[in-house]
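Written out below as structure tokens is the structure these notes cover.
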Amino acid sequence: MSLGKLKSRTYRRVQRKTPGGNTAIHYEKGAPSPSKCTMCGAVLPGVPRGRKAEMQNMPKTQKRPERPFGGVLCTKCTRNKIKLEARA
Amino acid sequence: MIEIGRVCIKLAGRDAGKKCIIVDILDNNFVMIDGDTRRRKCNIIHLEPLLEVVKISKGASHDAVCKALELEVIKTNPKKSGERPKKQRKVKEVKPDKKVVKKAESLIEKVEKKAEKPAEKKTIPVEKPKKEPVAPVVDKPAEKSVPKKVEEKTTQKKLVD
């Protein structure tokens with residue numbers, strides 16, 4: 001607990017078992033906030049959020065829905081956008 | 001608005017934003033679509049009908065739809081009908097164990113050696129003329145020179161033969 005940044009509660013405290021059998025406290029930063037639709041602000045389902053290492057190890061198809069504007073707009077907003085473009 | 005030949009834009013799914021043509025009306029809610037999208041069943045809610053209508057027969061083929069929409073025809077290999085060829089299992093080739101082979105060879109050698117040795121022993125006594133004459137033993141008391149003559153006679157006979 002010598003480091004000042006570890007004294008604040010910005011880091012999560014996680015108890016991990018060491019190979020020797022003791023428990024050690026690890027300091028981890030929490031996952032970022034859930035992603036939201038850029039038009040309406042609704043929380044996007046099917047878009048996981050995590051630390052960089054977790055996201056890098058995840059395949060691309062698991063990170064966002066496979067449709068135009070997937071992971072950026074919610075379904076309602078995408079439909080409205082496509083409709084408006086088609087009618088224009 | 002929903003009729004065969006109506007050009008639509010798909011709103012939902014991975015084909016969203018792509019043009020398609022209604023090929024068949026299946027239900028009150030569902031239609032068959034084809035074109036830039038995959039040929040598939042689709043809910044009417046997921047389609048945005050446009051003003052264009054193309055002359056197309058009911059259940060038209062993918063080629064006809066692509067011609068109408070001026071798209072490149074995606075060629076697919078149709079499945080061949082008929083029985084599937086059965087897979088034949090590979091039969092494993094049994095490799096002879098080196099240890100077993102060596103043992104067998106050593107055994108065979110031993111047997112051969114055994115067979116050779118007694119044969120030599122047997123042949124030697126047959127050739128010797130000492131054992132054959134039994135008569136001289138009887139004539140021993142009379143004279144010692146007699147058996148020698150007999151032996152000579154026997155050897156001579158053998159030579160003649």
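Per chain, numbering begins at 1; letters A, B, ... match sequence-line order.
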Is the number of heavy atoms from other residues, nucleotides or ligands within 6.0 Å of CG (B/D27) greater than 12? yes

Using a cut-off of 6.0 Å, state whether more than 12 heavy atoms not belonging to B/L107 lie near its atom CG. yes

Check this for me: B/R14, atom CZ, are more than 12 non-hydrogen atoms of other residues, nucleotides or ligands nearer than 6.0 Å? no

Nearest heavy-atom neighbours spanning B/G13 and A/P68: O-CD, 4.2 Å

Distance, nearest 0.5 Å, that separates CZ of A/R87 from CD1 of B/I9: 10.5 Å

Find out whether A/R79 and B/E48 are in side-chain contact, i.e. whether some heavy atom of one side chain is under 4.5 Å from a heavy atom of the other. no

Heavy-atom closest pair, residues B/A16 and A/I82: CB-CD1, 4.0 Å

If you count every heavy atom of other residues, nucleotides or ligands that lies below 6.0 Å from A/K63 atom NZ, does the total exceed 12? yes

